[in-house]
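Only one structure is covered here, and it is reproduced in the block below.
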Amino acid sequence: REAVVSTQSTGKVKRLKHSKRVLSFYEKNFGFRRPFNILVDGTFTMAALKGRVDILLQVTKYFGGEISVATTHCALRECFTLGPKLSGAHKILKKFKRHKCGHENASLDASACFTSMIGNSNPEHYVIATQDEELRKQLRAVSGIPLLYLSACTLFLESPSYESRDKAEEAFLKQDLLTDYEKEMLAKMNEKTEEGDKVNRGKRKRPKGPNPLSCKKKKEDEVTKKKQKSKKTKVEGEEKTEKATSSETKTESSETKAVSLTLKSSF
């Protein structure tokens, strides 16, 4: 039992955090304010009756504050015309306020009535509570409409639709997030940069001196050249000495040959 209670409490905390996050999104991006206006149809009251859910009590806890629950003449007429099956849902709807929808003389169902009241921008900031999946699908195509429904006798607030998130992102990108002080500082900085550019344009460029690093390289090159010259001179001297020694040996050999020839002739 303790494990079951702990899992139920954690699930409840998660649902409350989710609802708080979703409502804060609509407050920041679409101008929703407390108390939230919740528009209820017969399908939602029928599901609440079956699940024994007190709409006013449970929704106030789930939203974490005051709410204002209302319905329309079209939703009441629809419940009444469907017969005794929805008599309980009709009785619950009667307890709520009735917002003027402008369809008193027309015969519209609740879904058509709700879509006409919301229009293209949901100016009255309604939260739509319905179990009608087709109606919820239609309303997801319009930005700024929170959708509430019952799932297994528990309230659930849908996450913002793609249309709502795209609209909120566009509005955020269009916002001017800079304060007046920051704007003044930026203007002063731009003026200073423009003045500096003008001064730099008026100055003439003078020829620069030689690069000290390049000069060092030249000195090193001279030293290497001197070393190479000294090596060449050494090699040349060695070659000259070798030539001289070879010439001396030749002369000695020629003399020996001449002496040998004279001796032979004498004999």
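This is a predicted model, so every value here is computed, not measured.
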For Glu27, does the CD atom have more than 12 heavy-atom neighbours from other residues, nucleotides or ligands under 6.0 Å away? yes
Verify the cluster assignment for [X] and [Y]: are they in a single hydrophobic cluster under the rule of side-chain heavy atoms below 4.5 Å apart?
X: Tyr126; Y: Leu108; value: no
X: Ile67; Y: Leu16; value: yes
X: Val69; Y: Leu23; value: yes
X: Tyr149; Y: Leu39; value: no
X: Ile55; Y: Leu86; value: no

Quick one: does [X]'s side chain get under 4.5 Å of [Y]'s, heavy atoms only?
X: Asp166; Y: Ser143; value: no
X: Phe96; Y: Thr45; value: yes
X: Ile38; Y: Val59; value: yes
X: Leu148; Y: Tyr62; value: yes
X: Phe114; Y: Cys101; value: no
X: Lys17; Y: Lys20; value: no
X: Asp109; Y: Cys74; value: no
X: Leu76; Y: His90; value: yes

If you round to the nearest 0.5 Å, how far is [atom2] of [Y] from [atom1] of [X]?
X: Phe32; Y: Phe25; atom1: CZ; atom2: CZ; value: 10.0 Å
X: Glu163; Y: Lys167; atom1: CD; atom2: NZ; value: 8.0 Å
X: Gln138; Y: Ile118; atom1: CD; atom2: CD1; value: 10.0 Å
X: Leu56; Y: Lys61; atom1: CG; atom2: NZ; value: 12.5 Å
X: Asp41; Y: Leu135; atom1: CG; atom2: CG; value: 7.0 Å
X: Leu150; Y: Gln131; atom1: CG; atom2: CD; value: 5.0 Å

If you take all heavy atoms of [X] and [Y], which pair is closest and at what distance?
X: Pro84; Y: Ser87; answer: O-OG, 3.0 Å
X: Phe44; Y: Ala129; answer: CB-O, 3.5 Å
X: Leu147; Y: Leu157; answer: O-CD1, 3.4 Å
X: Met117; Y: Lys100; answer: CE-O, 4.1 Å
X: Arg77; Y: His103; answer: NH2-O, 3.8 Å
X: Leu93; Y: Cys79; answer: CD1-SG, 3.5 Å

For [Y], is there any backbone N or O sitting under 3.5 Å from a side-chain donor or acceptor partner on [X]?
X: Arg165; Y: Pro160; answer: yes
X: His125; Y: Phe30; answer: yes
X: Asn122; Y: Ile145; answer: no

Could I get the full list of ring-ring contact (aromatic ring centres under 6.0 Å, His included) partners for Tyr162, not counting sequence neighbours? none
Residues forming a ring-ring contact (aromatic ring centres under 6.0 Å, His included) with Phe36, sequence neighbours excluded: Phe63
Would you say the side-chain atoms of [X] and [Y] include a donor-acceptor pair closer than 3.5 Å?
X: Ser111; Y: Asp132; value: no
X: Ser164; Y: Ser161; value: yes
X: Thr71; Y: His99; value: no

Side chain to side chain contact (heavy atoms under 4.5 Å, CB included) for Val127 and Asn37? Distances and angles first, verdict last. CA-CA 6 Å; Val127 179; Asn37 293 322; over 6 Å; no
Start with the C-alpha distance between Arg140 and Glu158, add both sets of side-chain angles, then the distance that settles side chain to side chain contact (heavy atoms under 4.5 Å, CB included), and finish with yes or no. CA-CA 10 Å; Arg140 287 189 198 104; Glu158 280 192 6; 2.8 Å; yes
Show your working on side chain to side chain contact (heavy atoms under 4.5 Å, CB included) between Lys94 and Lys91 and close with a plain yes or no. CA-CA 5 Å; Lys94 278 184 176 180; Lys91 288 179 181 179; 5.6 Å; no
Chi angles and distances behind the ring pair (Phe, Tyr, Trp, His ring centres under 6.0 Å) call for His18, Phe156: CA-CA 9 Å; His18 172 76; Phe156 187 78; 5.2 Å; yes
